[in-house]
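Chain letters run A, B, ... following the sequence lines, proteins first, then strands; residues in each count from 1.
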2 protein chains.
Amino acid sequence: MAPLADLYQLTMAYGQWRAGRHRLPAAAELFFRRAPFQGGFALVAGVAEGLRSLRAFRFSATDVAYLRSVLPTTTEDAFFDYLATLDTSEVTVSAMPEGSVVFPRVPFLQVKGPLLVVQLLETTLLCLVSYASLVATNAARFRLLAGPDMKLMEIGLRRAQGPDGALSASKYSYIGGFDFTSNILAGKLFGIPVCGTIAHSFIMSFTSLEEVEPRELSPLAGGQPVDLPALAESWLGRVCELLQTPPEKAKRGELAAFVSYAIAFPKDFQGLLDTYCVKRSGLPNFCAVALALHQLGYKAIGVRLDSGDLAQQSKEVRKVFRACGAHFQVPWFETIPIAVSNDISEQSLEEFSREGSDIDVIGVGTNLVTCPLQPSLGCVYKLVEVNSSPCLKLTEDEEKMTIPGTKTIYRLYDADGHPFMDLMALEEEPSPSVGQELVVHVLGQLGEASTVIPITVERLHQTYFRNGQVCEPLPSLLEVRNHAQVSLSQLHPAHHQLYKPQPYPVAVTEKLHRLLAELQEAT
Amino acid sequence: MAPLADLYQLTMAYGQWRAGRHRLPAAAELFFRRAPFQGGFALVAGVAEGLRSLRAFRFSATDVAYLRSVLPTTTEDAFFDYLATLDTSEVTVSAMPEGSVVFPRVPFLQVKGPLLVVQLLETTLLCLVSYASLVATNAARFRLLAGPDMKLMEIGLRRAQGPDGALSASKYSYIGGFDFTSNILAGKLFGIPVCGTIAHSFIMSFTSLEEVEPRELSPLAGGQPVDLPALAESWLGRVCELLQTPPEKAKRGELAAFVSYAIAFPKDFQGLLDTYCVKRSGLPNFCAVALALHQLGYKAIGVRLDSGDLAQQSKEVRKVFRACGAHFQVPWFETIPIAVSNDISEQSLEEFSREGSDIDVIGVGTNLVTCPLQPSLGCVYKLVEVNSSPCLKLTEDEEKMTIPGTKTIYRLYDADGHPFMDLMALEEEPSPSVGQELVVHVLGQLGEASTVIPITVERLHQTYFRNGQVCEPLPSLLEVRNHAQVSLSQLHPAHHQLYKPQPYPVAVTEKLHRLLAELQEAT
């Protein structure tokens, strides 16, 4: 595959090459200017994929032939020969570990190398890191809202930007704190736990108990097979009596679908309750089949609700499970997991908390993978140094100003173990000392110096790529997922509030501040 | 690659297989319930990609091994053997031609085949068609707002859901009416015209005219090479005098970048005007270099603005181009194309129209590819027939009700050539006759019969896939793009309004209405 690049990167590359500037040493940084979703933080993601694409960075003969056909005819032949020789063997990349919490304007990926290559990598890295970080952050917010015990399931395959968008969504939602994906390809490729329930279409494809085939199920402990449709129908009578609902309102097609599913998966039976009426059909039918299975020694594993007031219904369903459990003396019945889906958003999770619910599993699709609250993270990739001269993009908007020079990034922690400031220092500066007063200038109020005393100092970047190769073992997805939860848990609660959090201070050292002032004056 | 499927499709498939129902003949339809972006229509897209994925549909040995590891342990071995034999050789797919205008609730893709396979194709088709149709529709809306003459350029590679999301965005934006993409991979793979300008980073990488190397450019007609930096600087003096701006405010680094780019691309010189101050730096520098080039026989090809009030600035820039053209007697100067970018949305285009502008080219990234107004089309794929029995999903919400049975879809046109109704008929019904009165029931007011007389009747679906193969030549992207514009242009203006359009009526025949009523009664 050709490098992911916009055409103007190639024309500019030619401009640099033609001017003999293509091999000047350069450095670029990748960051975002505002935290997504009106929050205060994001999670770093997509780094490993970015590094892998760097390793593969190369213009093939057909790429070069294509570029020859679209670049201006005045482009010299020698440039295309040069393109064919390009690789990332002189590129060094450092980054914050995947899964780390990152704040606005803090570079979380730095690239050094020859100017031309550094510029050509811009879109590749932005494309692989931006959506990954966005959806991981979105997932982390769902996790924060849902609490640690709720099971969260990503079900966005059909809503993503095609197969790869969906795979990215599955992978990075898992990193952000989801437990499962419904996407079997993501399960196969990345080892993410997969899970699934049952759909309306399965239930609708049955109309009567006569269609159930085979009809018999042997008890778990062995013994004579039993006619499950008949057993379930007899249980339906008892359940309807207990629940005081008319048995004729329980759709027989739905009962047939449940029985058929139970015969196929006696140890993994689950039901979708809302194809018809939850209260008078889905729930009695499910209980009937689950109780019939219980009689044969099997336990049902769950139900799903996919419409209506999910919190309210979950409580009603739980009440019925309790009633059945008590009446028929089936203790496990009251703990049958209740899953919900249907356009679940952050707002839904807030409502579940506010109203109270008996929900155990939440499936999130569209609102997870398309990130409708903010469908793009808006990462930028800016040159900060060329030929040992720091670059500055001056604008009237301080927020849009770049911070010049190649830097080291530190996270400063307080005595409680909470990070309280990220600090950018010039690379040549010594590391801040633990317990010593430090003069800093906080972005947004650069004019004023302030002092801080860090109790712990963490250097945020690691060098992951050198000489064309990934030079640091990359963590597994599970390790990244754990790191994300640790990184989030360290935050002071004021900083991980999902709306209007207290802004997390990002500062520059005295020395970097002086450089900035000098450059501002010079331009 | 394993089929794109959610796990529950595999468990349900097992359920069907275990019940011996997997080979029942079945039919499913793909449609959306509401038009995206508060509009009235969408464009059909992704069909060709869907068909190609059908051709490749197969569970490989590793897929089967993976599924064996995640499906319940009670799953019979023979099922996995069966999975390994599955293909789409018994599947038939019909669809509306890619690029067609489609309305809510009208099935634009129909799948027939054995129940198990038809169900397994759900997510594959939804995943490939939904985002494609969404972004094509989004692009079409931008085109409608921009008018036919504006050049529209897709620049969303860095904002999409990874590389494939970006490629889909490029392809389907082109179908929807965009002219160019910046994505060179999309250009290479799909033959979409690519285009690009120049970035701030290129300009920022220069600080003075001394850095320009080589410095000489030969006139187009041949002759002695000229020192372009010196020539441009002399032109800068004359331009600044004309524009009455202080020459010292024109950044020499920017001038150097422009000169360097001009030497690299003398026939394709273009400038980005807002790295520093447009009025006092970018514009005078650009004019100086363009006039120097003109002196050597070359013509500049454009400028770009990337911040601030784009409509207002475009008018000021055009005024300066006119002034320079007149004063220096360079007639082509006043027509230099002006391109704009910077988070362009539908709203921006409305503002450009309202305020008036001299913009010729618009680059759209984030708001095109992520579709922030509605990042998911919400397509559904519903069983409509199993074993020759029509299926109905009844809900209290009429909008969510499915229309049962396998159908033929017609578009009815009035005497002016505008479509005025889409009509669903049962497959066995004869085609509506031109000029003859027809009794129909419009969705949303099913209770009332009404009559219409079509002047032209178009059958909307073509059979594209049969016996495991694409059986109809698929149109080229350019043909699809043209078809989309024709399809849109046929709409009555009231139906292609972008906000609160007059709802386009979708109806069922008398016979289909009777079937619906019978099924409703029976359930």
Val70(B) vs Ile184(A), side chain to side chain contact (heavy atoms under 4.5 Å, CB included): CA-CA, chis, key distance, verdict: CA-CA 9 Å; Val70(B) 293; Ile184(A) 57 171; 5.6 Å; no
Heavy-atom side-chain proximity of [X] to [Y] below 4.5 angstrom:
X         : Y         : value
Tyr381(A) : Arg158(B) : no
Ser389(B) : Thr207(A) : no
Lys267(B) : Pro72(A)  : no
Leu157(B) : Leu4(A)   : yes
Ile198(A) : Thr11(B)  : no
Arg21(B)  : Ser205(A) : yes
Leu128(B) : Pro163(A) : yes
Ile155(B) : Asp6(A)   : no

With only heavy atoms counted, which part of [X] is less than 4.5 Å from chain A, the side chain, the backbone, both or neither?
X         : value
Val369(B) : backbone
Val212(B) : neither
Gln16(B)  : both
Leu134(B) : neither
Tyr261(B) : side chain
Ser201(B) : both

Rounded distance [0.5 Å steps], [atom1] in [X] versus [atom2] in [Y]:
X         : Y         : atom1 : atom2 : result
Thr181(B) : Leu7(A)   : OG1   : CG    : 9.5 Å
Asp268(B) : Thr73(A)  : CG    : OG1   : 6.5 Å
Ile203(A) : Cys391(B) : CD1   : SG    : 13.0 Å
Arg159(A) : Leu377(B) : CZ    : CG    : 8.0 Å

Out of [options], return the one with the most heavy atom pairs under 4.5 angstrom to chain A.
options                                    : value
Glu122(B), Gln9(B), Glu385(B)              : Glu122(B)
Ser130(B), Gly20(B), Gly378(B)             : Gly378(B)
Gly165(B), Ala199(B), Gly253(B), Pro266(B) : Ala199(B)
Ser69(B), Cys371(B), Gly162(B)             : Gly162(B)
Thr197(B), Ile263(B), Thr366(B)            : Thr197(B)
Cys195(B), Ala169(B), Ala26(B)             : Cys195(B)

Non-hydrogen atoms of Ala19(B) and Pro214(A) that approach each other most closely: CA-CD, 4.1 Å
Closest approach of Gly15(A) to Ser260(B) (non-hydrogen atoms, all atoms of both residues):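 Closest pair (atom of Gly15(A), atom of Ser260(B), distance): O-OG, 4.2 Å.
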Heavy-atom pair count under 4.5 Å with chain B, highest-scoring of [options]:
options                                   : result
Cys127(A), Ala28(A), Ala65(A)             : Cys127(A)
Ala132(A), Ala166(A), Cys379(A)           : Cys379(A)
Leu10(A), Val194(A), Leu71(A), Leu125(A)  : Val194(A)
Phe79(A), Phe206(A), Trp17(A)             : Phe206(A)
Glu49(A), Met204(A), Gln270(A), Arg215(A) : Met204(A)
Leu115(A), Leu126(A), Thr75(A), Val129(A) : Leu126(A)

Partner residues of Phe180(B) under the ring pair (Phe, Tyr, Trp, His ring centres under 6.0 Å) criterion, sequence neighbours left out: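 For Phe180(B), no residue satisfies ring pair (Phe, Tyr, Trp, His ring centres under 6.0 Å) once neighbours in sequence are set aside.
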Ring pair (Phe, Tyr, Trp, His ring centres under 6.0 Å) against Tyr66(A), all qualifying residues, sequence neighbours excluded: none
Glu213(A) with Arg18(B): basic N within carboxylate O range, under 4.0 Å: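 No, this pair does not count.
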Side chain to side chain donor-acceptor pair (under 3.5 Å) between Thr62(B) and Lys188(A), worked out: CA-CA 9 Å; Thr62(B) 62; Lys188(A) 182 186 172 198; 2.8 Å; yes
Check against side chain to side chain contact (heavy atoms under 4.5 Å, CB included), Tyr131(B) and Thr370(A): CA-CA 10 Å; Tyr131(B) 174 67; Thr370(A) 69; over 6 Å; no
Worked verdict on Gln161(A) versus Ser168(B) for side chain to side chain contact (heavy atoms under 4.5 Å, CB included): CA-CA 7 Å; Gln161(A) 291 178 5; Ser168(B) 299; 5.9 Å; no
Geometric cation-pi criterion, Arg304(A) with Tyr8(B): 6.0 Å, 45°: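 Checked: cation-pi criterion not met.
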